[in-house]
Each structure stands twice: as structure tokens, then as C-alpha cells.
S.K.: 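A single structure is presented below for examination.
Naming: A, B, ... by sequence-line order, numbering from 1 per chain. Computed from heavy atoms alone, side chains included, the values below leave out hydrogens, waters and symmetry copies. Because the structure is a prediction, the values reported are computed rather than measured.
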Amino acid sequence: MDLSKLNVVQREAVEITDGPLLVLAGAGSGKTRVLTHKIAYLIEEKDIFPSNILAITFTNKAAEEMKNRIEKLIGGKSVGLWMGTFHSMCLRILRRNANVIDYNSDFTIYDVADQNTVVKKAMKELNIDTKHLNPKHVRNIISMAKNEMISPEKFENLHKDDFKYFNYIKIYKKYQKTLKNNNSMDFDDLINNTIAILQKNSDVLSFYQRKFKYILIDEYQDTNYSQYLLALLLSGGYNNICAVGDSDQSIYKFRGADIRNIYEFEKDYENARIIKLEQNYRSTQTILDAANNVIKNNRSRKPKNLWTAKDSGEKIKYYNAYSEKEEAKYVLREIERYREKTYNEFAILYRTNAQSRVFEDVFLQNNIPYQMIGGLKFYERMEIKDILAYLKLIQNPVDNVSFERVINVPKRGIGKRSVEKLNEFANSRGLSLYESLLEIEDISTLSAKAIKLFIEFREIIRSIRSNLDTLNVLDVFDKVIEKTGYISDLILKDTIQDTTRIENVKELKSGIIDFVKSNEDDASLSNYLAVTTLQAGVDSMNDDSDGVLMLTLHSAKGLEFPNVFLVGMEENLFPSYMSSQTEEDLEEERRLCYVGITRAEERLFISHSSSRMLFGKTNRNQISRFIDEIPENLFDIDNSGNTHKTKINNYNNYNSYNAYKKNKSVKSSGDTKIDEGSKYSAGMKVKHKIFGNGTVIDSEKGVLTIAFEGKGIKKLMAGIVPIEIVG
DNA sequence: ATATTAGTTTTTTTT
DNA sequence: AAACTAATAT
């Protein structure tokens with residue numbers, strides 16, 4: 001095994017194979033290289049069977065890439081290696097052992113939209129007004145509880161004295177019961193039910209504990225409690241666990257990720273060894289300086305020293321646009337200016353998916369190829385969800401959520417009231433909706449016409465399900481289209497919208513054809529549904545097609561690009577308004593900024609817009625505090641000889657954020673002189689010149705009262721004046 | 001049962 | 001601005 005391409009520390013991380021090991025890997029420090037070499041080393045040098053290794057990555061794409069790299073290293077002997085996300089690994093265990101927890105192995109996986117449907121239905125049945133209590137919020141509460149391994153019963157015990165939780169308890173109970181009845185699991189259940197199986201059946205536990213002699217987990221800083229517990233359980237046999245992560249890149253708290261997992265690794269695993277990878281091979285010195293200066297503002301952080309041997313490279317480009325459209329045009333100009341060969345050397349990173357729209361518009365208008373990752377996902381379109389719901393129902397007929405979605409699609413005259421009656425019947429007999437169809441003649445409340453329509457639907461499903469186990473997804477798909485008349489209905493309606501829908505269904509079909517081709521070993525309906533629901537945004541990224549990449553900062557984790565645009569760097573947007581209220585949330589936003597900056601290899605572009613449309617209204621946001629945290633001298637210099645950073649100070653609006661506090665020491669920034677009476681963009685006048693050092697003695701309504709040494713007390717508009725806060 | 005309309009809500013990030 | 005929901009008309 002050739003380890004000569006690794007540095008001393010990386011090699012150490014590879015060669016320590018036994019016992020618990022935590023690799024603290026700074027951004028761009030070659031952790032993928034360590035992981036791939038380590039697995040290759042285990043197979044080649046330690047004669048470990050690939051089937052005895054479990055490697056967990058954050059996305060399926062990362063798993064795929066790593067697998068390819070390992071096969072290159074060892075010459076293609078990785079058959080049997082378990083490599084994938086927590087969710088896909090759990091799915092494999094669940095399909096084999098679902099019976100242990102009284103599930104059928106044909107269970108359906110519910111995505112977030114399905115979850116919301118279940119919550120809404122539960123709330124309706126419990127007579128809880130969705131105006132008073134947002135179903136999405138409830139879904140989040142339930143999911144967070146699950147991430148902490150809190151079952152509905154535990155949840156009730158924990159909160160039974162708190163009246164605020166009264167409804168949550170009821171909904172959570174009903175929600176979980178519905179999932180069980182529908183033979184379905186949500187994302188969190190995939191983890192938790194796997195744990196339940198391992199805890200319930202010691203044979204299964206010891207089977208997997210013996211199987212997985214070596215366990216490696218990437219992105220450990222973004223694991224949640226149940227994932228942590230699962231890793232602990234699985235590694236309980238051999239205790240060979242290698243966790244790799246970077247606490248500065250923990251950005252999934254909203255999904256239950258707990259940064260403490262990485263901080264407390266030593267406590268959780270006795271005799272754990274720790275290795276720090278601190279040399280960055282990705283970015284220029286300038287980019288790294290910017291990143292380090294931003295992240296150092298996080299107070300709850302353990303300091304580390306990330307360095308690079310690269311030279312400083314180009315300075316950071318900065319642009320203040322007046323509108324989001326103009327910002328997009330700026331990005332386009334810069335891409336054309338710097339592009340040498342391909343477009344996929346450029347990535348546009350933003351905080352929210354909604355921001356992609358302007359970029360799409362401008363790029364389309366100018367015929368610039370682009371690839372958008374995530375966002376309004378293909379699988380979330382109405383017609384696609386319809387077809388998928390059919391497929392889910394075919395596979396798992398007790399899935400009532402899918403049943404209700406398709407019962408009247410395309411329109412076949414079955415109305416809301418009839419479905420309600422069917423529901424009542426199903427509930428009273430303890431049957432699923434599809435099972436109730438088998439006894440449809442017994443529902444006395446239904447009209448003869450309704451019964452006839454229900455029977456027609458039943459026969460459609462029955463005919464598609466016949467000989468099901470001899471069919472692959474494509475066969476089932478074709479049958480669904482044929483028997484339901486989905487496409488012929490759209491052709492009949494013939495509006496522009498329906499034409500694009502037909503296109504989308506065709507695209508879905510070609511996706512299924514591709515799937516069947518590349519999954520010859522298991523082209524089943526069940527596998528197709530699982531793979532598509534567990535697919536991450538980046539998993540659909542196509543490395544072969546050339547286009548500017550557009551993706552959220554979250555999706556960009558783990559990726560790198562020669563040129564990175566960090567756009568929409570405005571207060572309330574980034575950091576997000578929702579996440580800037582508490583220090584803890586703000587620190588996570590800052591980590592997100594750190595992730596964004598460290599994606600760049602050669603050039604970093606930072607931009608923001610003075611005005612931005614939100615909910616059909618134009619808003620004005622201040623410049624992101626994160627820009628101010630990057631030292632001025634790292635920014636490019638414009639024609640006027642000023643650094644862009646100076647320009648930022650001048651344009652800064654009043655009402656500056658928390659920097660201006662009482663008793664803070666201030667000093668005027670040396671070279672920027674502001675004349676009395678000059679006007680600035682916000683239409684305000686600067687009242688005074690300021691020089692020297694002083695102390696803020698009061699600040700109200702955007703006016704600072706500063707006592708300057710030897711110059712007396714002056715009142716100034718906060719933010720307009722280029723003053724620095726000291727200390 | 002379905003089409004139309006008026007009113008309301010949405011955007012934080014995702015396996 | 002667009003997408004969803006509830007009420008009303010057909």
C-alpha cells in the first residue's frame with residue numbers, strides 16, 4: 001500500500017487502525033484522502049474483508065466517490081464493502097429484519113411532505129386548528145424528539161405537567177400510530193427502528209457487531225443523538241471506530257445534529273486517540289485568512305490552527321449591487337471574465353434556495369449553462385409525486401397517505417365526502433383504506449355510483465399488482481401509466497402546463513430506465529423508491545455536464561470549487577433573521593459562512609445587494625456582519641485606490657448591529673476622511689469629522705454618543721462613520 | 001363533484 | 001410574486 005502521498009499526520013491516521021480514533025480534520029485537510037487510504041490499507045495490508053468494513057458518509061454521492069477512489073487504490077476488490085449514509089445503511093438492516101419490530105419489509109419511506117400530511121390529518125382528527133398550531137412546527141417538534149430517541153410515551157412522561165405540550169403529545173402519539181398502521185417510516189424512524197431492532201434482538205445485534213469489525217464515520221460533527229447511539233451499538237463488538245469531523249463545520253443543528261458528539265468522543269470511547277489534520281491543501285492563504293478571521297469570532301469554539309503552504313493568491317473580490325438582479329449580472333460578468341475552460345469551475349453559494357431564481361433567470365437569458373442542486377426538486381413536482389404515490393401504493397397497499405393522494409387522480413368522480421366515508425369505515429374496522437375497498441359493498445352510506453367508482457379504482461390497483469414480484473420498476477411504471485390513464489388525461493386537457501407535466505413524466509421514465517440499467521442486481525420497485533427518497537440534492541449532481549453550479553451553503557459542504565461566489569451577504573439573509581437572535585444560532589451561521597469560504601480553491605467573490613425582494617416587497621438589508629469580520633487588506637482594490645472594505649464602511653447604513661455598545665472603546669479608522677455635510681447612500685448627512693480614540697457612552701436610535709480623548713463629547717450617526725470598535 | 005375566485009401564506013438550511 | 005387554501009358558484 002502506497003502511503004507516500006500522505007503527510008506524516010495523515011499517515012498516522014491511516015495506520016492507527018485499531019481502537020477508537022477521532023480525526024479532527026480542518027477544511028481541505030485531506031480527510032477524504034485519509035478515509036480512502038485507510039479503507040484501502042485495511043483491505044490490502046491488514047487483510048480485512050471489505051464486507052467487514054462499514055463506512056458512513058454524509059451523502060450517497062460522497063459514498064460513490066469514495067468507493068471509486070478506493071477501487072482505484074486497490075484495483076477493484078471492494079465488493080461487499082458497506083458504504084453509504086446512515087439512512088441507506090439502516091434501510092439495508094431494516095429490510096432484512098423488519099419483522100423483529102413487527103413491520104413488513106415492504107414498508108414505505110415517508111419524506112417531509114408525507115410527514116406533513118400525516119401531521120395535518122392527525123390534527124384534523126384531534127380537532128386541533130392548524131391556524132393556531134402550525135403543522136410544520138409540530139412536525140419539527142416530533143422530529144427533534146425522535147432525534148433524541150424520545151418515543152411518544154417518553155415524550156408524554158417528560159412533558160405531562162406542561163400544558164403547552166398537551167397537543168404535541170396527542171399529535172405525536174397519533175402520528176406514530178399512523179405510521180405504524182401504514183407500514184411506513186419517516187427518516188428518523190429509519191435510524192430509531194434500526195436501534196430498536198438491535199436492542200430487541202441480541203442475535204441481530206451480535207451479527208452486525210461481528211460483521212462490522214471496522215467502522216468509519218465521516219462528518220461526525222453533524223451526527224445526532226440517535227446516530228451517535230447507533231454507532232456506539234454497532235462498534236460495541238470490536239471497538240474499532242474511526243470518527244472524522246470538524247467542529248467548525250457543524251451546520252445541521254436544525255436537524256438534530258449535536259456538536260457535543262465530537263467534543264465528547266474521548267469520554268464516550270475509552271482510550272480514544274486523537275489526531276489533528278491542520279494543513280490545508282485546498283485554498284490560497286488569502287482565502288484561509290478570511291475563513292480563520294471569521295470563525296475566530298465564535299466564542300464557544302476550541303481554537304485550532306489551520307495553515308497552508310500555498311501563496312497568498314488573488315485578493316477577495318467584492319461587489320455591492322443595488323438589486324438582486326444586478327448582483328446576478330455581476331456574477332455572470334465575473335464568470336465570463338475569469339473563465340478559462342469550463343463553467344463547472346464556478347459555484348454560486350447562497351443561504352436560501354429562493355435566491356437561485358434570479359440567477360437562473362439571468363443565466364437562461366444569456367445562454368450560460370448551469371446546474372442547480374436541490375431547491376425545487378424534481379421529485380417534489382405534483383405529477384411526479386402522483387406517479388410516485390401510485391408506485392408506493394402498489395408496493396405497500398396499506399399506505400393510506402399515498403392512497404388518498406391518488407384515489408381521485410386523474411379525476412374519476414370520487415369526491416371528498418366519499419373518501420371520508422371510506423375513512424370512517426376503515427377506522428371502525430381497523431382496516432387500511434385499500435383493504436376497505438375489498439369490502440366496499442358493505443359500506444351502506446355510500447351511493448351505488450360511488451361504490452362502482454371505488455371498485456373501478458380497486459381493479460386498477462389489483463391489475464397492476466398482479467405478478468408484482470416478477471416485475472421491475474420500469475414494468476410497474478408502464479403499467480401504472482397504462483391502467484390509470486394518467487398521461488392520456490393530461491393529453492386530453494391539453495394546456496401548456498399539462499404539456500410540461502407530460503415532459504416531466506417522460507423524464508421520470510428515462511430516470512427509471514437509467515436506474516434499471518445501473519441497478520441490474522436490484523431493479524425492484526422497492527429499491528427504486530428507497531433510492532429516490534433517500535437521494536440528497538448533491539446526489540443528482542452530474543460531473544460530466546458542464547455548467548455553473550448553483551447550490552445552498554448547506555449542500556456545498558464537502559465540495560470544493562476553483563471559484564466561489566458567496567452571494568446575498570446581508571444581515572437577515574445571512575446570517576438569517578431566524579438564526580441571529582441567539583448567540584448559539586449565530587455561531588452556527590458563522591460556521592456556515594466558514595464552510596462557504598473554505599469551499600474556494602483559487603478565487604473568492606463576495607457580494608450583497610442593497611435591496612432585495614421578499615414576499616413581493618422590496619427590503620433593504622445591511623451588509624452581513626461576516627463581511628466585516630474579514631480583514632480589509634484581504635479585499636481587492638478598486639480604481640479609486642480605496643479598498644472595497646473601506647467602501648463597505650462608507651455605505652453602511654445606520655442602526656448598526658450589536659457592535660455599538662456602551663463603554664466600548666472606539667477609534668477613527670485612519671485613512672478614510674469624511675467631510676462634514678457629505679451625503680451618503682442612505683440619504684443621511686455626516687455631522688462631524690472624527691479623529692482619535694474614544695469611548696461610547698450612549699447609543700440610542702442609531703445615534704452614538706462618543707467621548708473622544710481631548711475632543712469632548714460628540715454625537716454621531718452609527719455605522720456611517722468609519723470607526724472601529726476596539727476590544 | 002368540480003371549477004372559479006378571493007384570501008392567505010410563504011423562505012432557512014435537509015437525510 | 002407565486003403558491004396554497006377555503007369559500008363560493010356552477
Side-chain angles (χ1 to χ4, degrees), chain A residues 56-63 84-91 109-113 115-116 120 130-131 134-136 139-140 143 146-147 185-191 219 222-224 226-227 250-257 324 349-358 361 373-377 379-382 407-420 447 449-450 453 493 497 530-539 551-557 568 572-581 585 588-589 591-593 595-596 612-619:
Chain A
I56 294 172
T57 55
F58 200 71
T59 62
N60 294 300
K61 183 179 156 65
T85 62
F86 265 106
H87 293 89
S88 54
M89 174 212 39
C90 286
L91 182 68
I109 304 168
Y110 280 173
D111 62 16
V112 178
Q115 292 181 57
N116 285 331
K120 267 189 221 159
T130 52
K131 284 234 167 71
N134 184 340
K136 284 177 188 163
R139 189 204 65 83
N140 194 250
S143 178
K146 288 186 171 191
N147 291 158
M185 300 187 192
D186 61 22
F187 289 126
D188 304 318
D189 285 343
L190 293 179
I191 315 290
E219 307 283 6
D222 276 322
T223 51
N224 63 30
S226 48
Q227 290 166 338
S250 176
I251 54 174
Y252 281 94
K253 180 172 160 250
F254 72 95
R255 223 172 72 181
E324 61 259 53
L349 310 186
Y350 36 77
R351 177 67 237 265
T352 66
N353 280 306
Q355 286 166 259
S356 67
R357 206 180 179 123
V358 213
D361 287 348
I373 312 292
L376 276 167
K377 285 180 207 106
Y379 292 103
E380 282 169 15
R381 284 176 211 172
M382 191 184 91
I407 181 66
N408 198 31
V409 176
K411 298 230 154 42
R412 46 173 75 91
I414 300 175
K416 228 169 97 185
R417 186 70 198 112
S418 302
V419 177
E420 258 171 48
S447 68
K449 190 186 151 213
L453 294 168
K493 284 200 258 174
Q497 212 177 21
V531 167
T532 49
T533 29
L534 293 184
Q535 196 166 58
V538 283
D539 294 343
L551 61 168
T552 62
L553 288 153
H554 281 88
S555 304
K557 188 175 78 158
N572 298 326
L573 186 62
F574 190 33
S576 153
Y577 174 74
M578 312 286 287
S579 299
S580 48
Q581 305 310 109
D585 285 348
E588 176 137 325
E589 292 287 298
R591 289 194 290 271
L592 194 54
C593 183
V595 167
R612 184 174 296 274
M613 187 89 99
L614 188 73
F615 302 146
K617 267 187 185 162
T618 304
N619 290 63

S.K.: List for me each residue that meets ring pair (Phe, Tyr, Trp, His ring centres under 6.0 Å) alongside A/Phe58, sequence neighbours excluded, and say none if there are none.
M.R.: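 In terms of ring pair (Phe, Tyr, Trp, His ring centres under 6.0 Å), with neighbours along the sequence ignored, A/Phe58 is linked to A/Tyr252.
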S.K.: What one-letter contact string describes nucleotides 10-15 of chain B from 5' to 3', where B marks a base within less than 4.0 Å of any protein heavy atom, S marks contact via sugar-phosphate atoms alone, and - marks no contact?
M.R.: BBBBBB
S.K.: How about A/Leu553 and A/Ile251: do any of their side-chain heavy atoms sit closer than 4.5 Å?
M.R.: no
S.K.: So do the side chains of A/Thr618 and A/Met613 get within less than 4.5 Å of each other, counting heavy atoms only?
M.R.: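 Touching, per the 4.5 Å side-chain cut-off.
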S.K.: Is any side-chain heavy atom of A/Ile56 closer than 4.5 Å to a side-chain heavy atom of A/Thr85?
M.R.: no
S.K.: Compare all side-chain heavy atoms of A/Arg591 with those of A/Ser250 and state whether any distance is below 4.5 angstrom.
M.R.: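 Heavy-atom side-chain distance check passes, below 4.5 Å.
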S.K.: Could you pull out all residues at least two apart from A/Tyr350 that satisfy ring pair (Phe, Tyr, Trp, His ring centres under 6.0 Å)?
M.R.: none
S.K.: Quick one: CG on A/Leu534 to OG on A/Ser88, what's the gap to the nearest 0.5 Å?
M.R.: 6.5 Å
S.K.: Roughly how many Å apart are C/dT5 and B/dT12, using the C1' atom of each and rounding to a whole number?
M.R.: 23 Å
S.K.: Going by the rule salt bridge (Lys or Arg N to Asp or Glu O under 4.0 Å), which residues pair with A/Lys120 if we only count those two or more places apart in sequence or in a different chain?
M.R.: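 By the salt bridge (Lys or Arg N to Asp or Glu O under 4.0 Å) rule, A/Lys120 matches no residue at all.
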S.K.: Quick one: what's the B/S/- string for nucleotides 5-10 of chain C, heavy-atom cutoff under 4.0 Å, read 5' to 3'?
M.R.: S-----
S.K.: My understanding is that only one of A/Leu190, A/Ile109, A/Ile191 makes a side-chain contact (heavy atoms from CB on, under 4.5 Å) with A/Met185; could you say which?
M.R.: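 Per the side-chain contact (heavy atoms from CB on, under 4.5 Å) rule, the option paired with A/Met185 is A/Leu190, out of A/Leu190, A/Ile109, A/Ile191.
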S.K.: Is there any protein nitrogen or oxygen under 3.5 Å from a nitrogen or oxygen in nucleotides 2-5 of chain B, and what are the pairs?
M.R.:
unit_1	atom_1	unit_2	atom_2	d
B/dT2	OP1	A/Gly413	N	3.2
B/dT2	OP2	A/Asn408	ND2	3.1

S.K.: Looking only at atom C1', what distance separates B/dT13 and C/dC4, rounded to whole Å?
M.R.: 22 Å
S.K.: Which part of the nucleic acid, if any, lies within reach of A/Arg357 when heavy atoms closer than 4.0 Å are counted: base, sugar-phosphate only, or nothing?
M.R.: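 Contact class for A/Arg357: sugar-phosphate only.
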S.K.: Less than 4.0 angstrom from a charged side-chain N to a carboxylate O is my criterion; do A/Arg357 and A/Glu324 meet it?
M.R.: no
